[in-house]
Amino acid sequence: EAGVAQSPRYKIIEKRQSVAFWCNPISGHATLYWYQQILGQGPKLLIQFQNNGVVDDSQLPKDRFSAERLKGVDSTLKIQPAKLEDSAVYLCASNHFEASGSYEQYFGPGTRLTVT
Amino acid sequence: AQSVTQLGSHVSVSEGALVLLRCNYSSSVPPYLFWYVQYPNQGLQLLLKYTSAATLVKGINGFEAEFKKSETSFHLTKPSAHMSDAAEYFCAVSSMKTSYDKVIFGPGTSLSVIP
């Protein structure tokens with residue numbers, strides 16, 4: 001089966017610009033996660049979707065970050081305006097706990113964002 | 001609240017030597033514990049998981065981990081390191097009562113394997 005797809009893989013922008021990332025989870029996976037991974041740190045959950053509804057966005061900086069998951073499949077994460085501290089790898093993951101009882105999250109390759 | 005501590009941000013071992021990566025957790029409920037590996041420019045891949053069954057868990061690529069409740073530990077080991085094991089390793093904890101529950105990741109340990 002195809003894995004979690006993310007694009008773009010790399011993005012360089014100037015501060016105060018906007019940027020969007022796209023994620024296509026594994027087919028049939030109801031749960032989708034966006035993580036921020038700053039260099040030298042573990043992934044930090046930004047937002048979790050169950051189908052097209054938000055389950056947890058408590059750590060999403062809502063003044064500049066937004067995310068949506070239309071039709072419960074693909075998802076986009078947007079930053080507007082970007083700050084220097086947003087430089088990180090943005091990871092998307094999906095899970096099909098309800099169908100399989102598996103706790104494993106499947107991760108995409110990530111988008112490396114550099115804000116200059 | 002749950003948290004994970006990984007002792008040693010960087011570990012170096014010789015090829016063929018024992019690999020030991022340390023993980024200690026804090027959880028107010030029975031934990032589910034995970035080890036993930038991340039190769040350069042890739043996402044995370046599950047190595048193994050503890051879900052309250054056997055305390056000694058075997059994973060992929062010859063890795064295993066032992067859950068020790070009394071020590072709140074879940075250390076990752078491999079008897080003989082291979083060059084291909086060089087990567088970043090993350091320990092993670094969750095209550096996992098439902099898929100809504102968060103997975104909390106540790107800061108990671110970078111493993112280098114010296115030929």
Side-chain angles (χ1 to χ4, degrees), chain A residues 3-10 21 23-26 28-51 53-60 88-112, chain B residues 1-10 21 23-25 27 29-53 57 59-60 74 76 87-111:
Chain A
V4 177
Q6 290 188 248
S7 67
R9 291 295 312 277
Y10 305 92
F21 313 128
C23 172
N24 186 13
I26 294 173
H29 283 199
T31 309
L32 185 148
Y33 312 81
W34 281 103
Y35 289 90
Q36 180 191 59
Q37 185 179 19
I38 293 173
L39 185 64
Q41 299 181 19
K44 182 185 82 172
L45 180 68
L46 291 176
I47 189 167
Q48 178 180 345
F49 291 95
Q50 188 75 15
N51 297 306
V54 175
V55 171
D56 186 338
D57 63 356
S58 57
Q59 297 193 86
L60 186 73
V89 175
Y90 291 85
L91 294 164
C92 179
S94 68
N95 168 272
H96 60 319
F97 177 84
E98 284 74 17
S100 69
S102 169
Y103 305 104
E104 178 175 359
Q105 294 185 21
Y106 296 83
F107 284 81
T111 297
R112 183 177 299 276
Chain B
Q2 296 174 310
S3 65
V4 175
T5 303
Q6 293 184 242
L7 184 62
S9 59
H10 188 88
L21 304 181
C23 171
N24 289 88
Y25 69 91
S27 179
V29 298
Y32 284 38
L33 295 158
F34 309 84
W35 276 100
Y36 281 85
V37 61
Q38 185 177 33
Y39 298 102
N41 298 315
Q42 295 186 28
L44 279 69
Q45 178 185 5
L46 183 68
L47 272 179
L48 49 81
K49 62 189 176 190
Y50 166 77
T51 58
S52 75
V57 181
I60 61 172
F74 190 58
L76 182 70
E88 191 83 17
Y89 291 81
F90 294 95
C91 183
V93 64
S94 178
S95 62
M96 275 300 175
K97 294 176 184 175
T98 72
S99 64
Y100 294 179
D101 294 320
K102 283 185 193 178
V103 175
I104 307 299
F105 288 86
T109 296
S110 177
L111 176 66

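In what follows, chains are A, B, ... by sequence order, proteins preceding strands, each numbered from 1.
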Which one of B:Phe90, B:Phe34, B:Tyr36, B:Tyr39 satisfies the ring-ring contact (aromatic ring centres under 6.0 Å, His included) criterion with A:Phe107?
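With A:Phe107 as partner, ring-ring contact (aromatic ring centres under 6.0 Å, His included) holds for just one option, B:Tyr36.
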Side chain to side chain, A:Gln37 and B:Glu88, heavy atoms closer than 4.5 Å
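The answer is no; the side chains never approach within 4.5 Å.
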With side chains defined as the heavy atoms from C-beta onward, is the minimum distance between A:Pro43 and B:Gln38 less than 4.5 Å?
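No, too far: nothing below the 4.5 Å cut-off.
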Rounded to the nearest 0.5 Å, the CD atom of A:Glu104 sits from the CG atom of B:Leu48 at a distance of 11.0 Å
Is the side chain of A:Arg9 donor-acceptor paired with the backbone N or O of B:Asn41 at a distance under 3.5 Å, no angle test?
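Judged by distance alone, yes, a pair lies under 3.5 Å.
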Less than 4.5 Å to any heavy atom of chain A: does that hold for the side chain of B:Thr51, its backbone, both, or neither?
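Side chain only.
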Partner set under side chain to side chain donor-acceptor pair (under 3.5 Å) for A:Tyr35, not counting sequence neighbours:
A:Gln105
With sequence neighbours excluded, residues passing side chain to side chain donor-acceptor pair (under 3.5 Å) with B:Ser27:
B:Gln2
Answer yes or no: are there more than 12 heavy-atom neighbours, outside B:Ile60 itself, under 6.0 Å from its atom CD1?
yes
Considering only heavy atoms, which portion of A:Ser58 lies under 4.5 Å from any heavy atom of chain B: side chain, backbone, both, or neither?
side chain
